[in-house]
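The block underneath contains the structure these notes are about, expressed in structure tokens.
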Amino acid sequence: MTTRLLRTVTAVGLLLGTAACSSSGSSNPLDASSGSTATPGGAGSRTVVVGSANFPENVLLASIYSQALKAKGVKVEEKFNIGSREVLYGQLQNGSLTVLPEYNGSLLGYLDAKNTATGTEAVNAALQKALPSSLAILDSASAEDKDSLSVTQDTADKYQLKSIADLAAKAGEFTIGGPPEFKSRREQQLKDIYGLNFKEWKATGDTTANALKDGTIQVGNVFTTDPKIVQLKLVPLTDPKNLFSSQNVTPLVNKAGVDATATGALNAVSAKLDTPGLTALMKRVSVDKEDPSTVAKDWLKSNNLG
């Protein structure tokens, strides 16, 4: 990723359906057939502690997972807004936390910075090798908080744009915008991977979504769960060649603290959680200022999970 991984790995606070990725990201590390189901000290006999990082989206995700566990009769304690990955990962290792909503690509970058895996399956396979035996990832949701190249709905309709590859015929006429470092990090990759040579690059930073809407740029680097995608009716283009590493929402668990009931509840959430849905939920939290626990409860109820 460009900016998101840096913000995640440091202590800066803001990072930020389909069930297809649920199956592709699943290795069922806690399945009874693997011999690694929870021990007698697991979720059936003690409290499952759900934690979160200190930014709104992660708190929302933690609340969704927490309430899904409670709906299945699991005793849960919530410890939200804790801090950065460095702190959270250590607490998960020592058993202070049991469940943490993670982003698989960023987690892999934290554990193995030199790993070049990009797609969901490849990232999760690499994670399973990088994680200590005490920890496991469960099924990945199709929901991703990752870099995208986005356009307005009008631009998408006018030029029949659905994927980044579709930009090839028009890139020479388009201005692209994003964070200041986006050009240095991605210009050559866009040329090499997709054959894109844009007319101009602009450093639009936090105003990228608005610059798309007012026509200052035609293509912008916007994170896929940014509420402005919903507000401004933007269209994130698909990335069939995996220019941007997968960042699927993925529960990271301490294996000794979860049993089959807890694992099933968490995987059921991941099977229903997609990027458009998460983006809509984040609009309610970040723009409409609704309480994350209420938003989580509504989503679970609408998906027959709570």
Side-chain angles (χ1 to χ4, degrees), residues 13 22 25-104 107 110 127-128 131-141 143 249-273 281 285 291-301 303-306:
S22 173
S26 172
S27 63
N28 295 319
L30 305 179
D31 190 86
S33 62
S34 70
S36 51
T37 49
T39 63
S45 58
R46 67 180 177 88
T47 302
V48 171
V49 184
V50 180
S52 87
N54 57 341
F55 59 92
E57 182 177 289
N58 208 246
V59 172
L60 170 65
L61 290 167
S63 188
I64 290 173
Y65 284 124
S66 172
Q67 292 186 52
L69 289 167
K70 292 176 183 177
K72 292 297 183 180
V74 178
K75 185 178 180 182
V76 176
E77 180 182 356
E78 297 176 346
K79 292 186 177 180
F80 297 168
N81 276 305
I82 294 174
S84 66
R85 179 173 284 113
E86 290 86 347
V87 176
L88 291 162
Y89 187 80
Q91 292 190 15
L92 205 71
Q93 278 189 298
N94 67 27
S96 298
L97 296 177
T98 317
V99 178
L100 177 68
E102 262 291 4
Y103 304 88
N104 58 354
L107 179 59
Y110 175 74
L127 269 176
Q128 288 156 11
L131 287 167
S133 60
S134 61
L135 303 182
I137 53 169
L138 302 186
D139 290 0
S140 287
V249 173
T250 305
L252 177 65
V253 301
N254 186 302
K255 289 159 64 173
V258 291
D259 61 9
T261 299
T263 301
L266 297 169
N267 285 339
V269 168
S270 295
K272 295 284 186 75
L273 190 64
L281 296 179
V285 172
D291 182 73
S293 65
T294 300
V295 176
K297 182 179 180 180
D298 290 347
W299 183 85
L300 289 164
K301 184 177 180 179
N303 285 279
N304 298 314
L305 295 173

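Sequential numbering from 1 along the given sequence is applied to the chain's residues.
Looking only at distances, a side-chain donor or acceptor of Ser52 sits under 3.5 Å from a matching main-chain atom of Asn81. Within the 3.5 Å criterion, the main-chain N or O of Asn267 finds no donor-acceptor partner in the side chain of Asp139. In this structure, Asn58 contributes its side chain and Pro101 its backbone to a donor-acceptor pair below 3.5 Å. Judged purely by atom type and a 3.5 angstrom limit, Lys255 uses its side chain to pair as donor or acceptor with the backbone of Ser133. Formation of a donor-acceptor pair under 3.5 Å by the Lys72 side chain with backbone atoms of Ala265 is not found in this model.
Minimum heavy-atom separation, Ala296 to Gln67: CB-NE2, 3.6 Å. Ser140 and Asn104 get closest at one heavy-atom pair: OG-ND2, 3.9 Å. When every heavy atom of Leu138 is checked against every heavy atom of Val253, the shortest pair comes out as CD1-CG1, 3.9 Å.
Here the side chains of Val249 and Tyr65 are in contact, with some heavy-atom distance below 4.5 Å. At least one side-chain heavy atom of Leu61 sits less than 4.5 Å from a side-chain heavy atom of Leu273. Two residues are said to be in side-chain contact when any heavy atoms from C-beta on lie closer than 4.5 Å; Val295 and Leu60 meet this criterion. By the 4.5 Å heavy-atom criterion applied to side chains, Leu135 and Asn254 are counted as neighbours. Counting heavy atoms from C-beta on, the side chains of Ile64 and Leu300 come closer than 4.5 Å. The shortest distance between side-chain heavy atoms of Ile82 and Leu97 falls below 4.5 Å.
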Legend entry - Check against side chain to side chain contact (heavy atoms under 4.5 Å, CB included), Thr250 and Leu107: CA-CA 10 Å; Thr250 305; Leu107 179 59; over 6 Å; no
Inset, instruction - Carefully, step by step, assess Leu131 and Leu252 under the rule side chain to side chain contact (heavy atoms under 4.5 Å, CB included). - result: CA-CA 10 Å; Leu131 287 167; Leu252 177 65; 3.9 Å; yes
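With hydrogens and angles left out, the side-chain atoms of Glu57 and Tyr103 include a donor and acceptor closer than 3.5 Å. Checking Ser66 against Glu78 by side-chain atom types alone, a donor-acceptor pair falls below 3.5 Å.
Atoms CD and CD1, from Gln128 and Ile137 in turn, are 4.5 Å apart once rounded to the nearest 0.5 Å.
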